[in-house]
Amino acid sequence: MALRILIVEDEMTIALLLEDMVVDLGHDVAGLAMRLPQALDMARTAAIDFAILDVNLDGRMSFPVADVLAARGVPFVFATGYGRAGLDPGYKDAPVISKPFDLASLRSAIEGAGA
């Protein structure tokens with residue numbers, strides 16, 4: 001089943017790579033947000049089944065987006081170059097994929113998050 005996936009990523013080249021990977025995995029890109037206000041709006045209103053969240057969005061943390069998604073029951077994964085060290089303590093058990101990542105690790109993250 002194709003999932004509708006929200007991508008929250010502030011680096012255009014990584015965002016485009018993620019879009020390609022999501023499509024290659026047979027899913028649909030429900031939206032792309034590059035800044036926190038846009039990401040929050042989409043997390044609140046978009047029809048999504050899963051989200052990929054860059055932890056640092058141009059100096060602002062994406063944890064408020066994760067809070068909205070969690071309240072909606074939408075699974076997500078954090079994408080970061082810092083691993084678990086970059087996570088807020090409240091999300092220490094959240095799924096993480098480390099940058100740079102590949103198609104197999106993204107597939108595992110989506111499947112492992114119960115999406």
Side-chain angles (χ1 to χ4, degrees):
M1 178 179 101
L3 300 177
R4 297 164 297 185
I5 298 181
L6 171 64
I7 298 171
V8 178
E9 171 60 60
D10 65 342
E11 293 289 332
M12 181 59 77
T13 53
I14 296 173
L16 294 174
L17 172 67
L18 276 170
E19 283 184 320
D20 288 345
M21 293 171 90
V22 164
V23 170
D24 287 347
L25 290 171
H27 302 297
D28 300 318
V29 176
L32 170 63
M34 297 184 76
R35 297 291 179 255
L36 186 59
Q38 180 187 24
L40 282 167
D41 183 53
M42 294 180 90
R44 288 182 185 115
T45 62
I48 53 178
D49 303 305
F50 186 77
I52 303 164
L53 307 177
D54 181 12
V55 172
N56 185 338
L57 300 171
D58 196 32
R60 298 177 74 183
M61 300 295 108
S62 66
F63 303 120
V65 178
D67 293 340
V68 170
L69 294 171
R72 288 184 63 190
V74 176
F76 59 87
V77 63
F78 287 112
T80 177
Y82 302 103
R84 295 207 169 278
L87 293 184
D88 180 272
Y91 284 102
K92 65 180 175 59
D93 296 326
V96 174
I97 52 175
S98 296
K99 294 179 183 177
F101 44 84
D102 56 22
L103 196 61
S105 60
L106 182 58
R107 178 186 296 114
S108 293
I110 293 169
E111 292 171 357

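Hydrogens, waters and symmetry mates are skipped; everything else that's a heavy atom, side chains included, is used. Along the sequence shown, residues carry numbers from 1.
With values rounded to the nearest 0.5 angstrom, Met42 atom CE is found 5.5 Å from Leu6 atom CG. Separation of atoms CZ (Arg107) and CD (Glu111) is listed at 6.5 Å; rounding is to 0.5 Å. Here the CD1 atom belonging to Ile52 is positioned 12.0 Å from the OG atom belonging to Ser62, to the nearest 0.5 angstrom. Atom CE of Met61 is separated from atom CG of Leu53 by 12.5 Å, given to the nearest 0.5 angstrom. The distance from the CG atom of Asp49 to the CZ atom of Phe76 is 15.0 Å, given to the nearest 0.5 Å. For the atom pair Asn56 CG and Asp10 CG, the distance stands at 6.5 Å (nearest 0.5 Å).
Side-chain contact between Leu87 and Val55 is present, with heavy atoms from C-beta onward closer than 4.5 Å. Taking the side chain as every heavy atom from C-beta outward, Leu57 and Arg35 never approach each other to under 4.5 Å. Put simply, the side chain of Leu18 reaches to within 4.5 Å of the side chain of Leu106, judged on heavy atoms. Counting heavy atoms from C-beta outward, Ile110 and Ile5 have side chains that approach closer than 4.5 Å. Here the side chains of Ser105 and Met21 are not in contact, with every heavy-atom distance at 4.5 Å or above.
Using the six-membered ring where Trp is involved, Phe63 and Tyr91 have ring planes that are parallel, under 30° apart on the 30 and 60° scheme.
Shortest non-hydrogen contact noted between Ala2 and Gly26 is CB-O, 3.2 Å. The nearest pair of heavy atoms linking Val77 to Ile97 is CG2-N, 3.8 Å. Nearest heavy atoms, Ala30 versus Ala47: CB-O, 3.8 Å. Phe50 and Ala109 make their closest contact through CZ-O, 4.1 Å (heavy atoms, listed as atom of the first residue, atom of the second, distance).
Residues satisfying the side-chain contact (heavy atoms from CB on, under 4.5 Å) test with Glu11, not counting sequence neighbours, are Glu9, Ile14.
The backbone N or O of Val22 sits nowhere less than 3.5 Å from a side-chain atom of His27 that would complete a donor-acceptor pair. With hydrogens and angles disregarded, a donor-acceptor distance shorter than 3.5 Å links the side chain of Arg72 to the backbone of Ala43.
Comment: Asp54 engages Lys99 in a salt bridge, judged by a side-chain N to carboxylate O separation of less than 4.0 angstrom. Salt bridge absent: Asp28 and Arg4 never bring a charged side-chain N and a carboxylate O closer than 4.0 Å.
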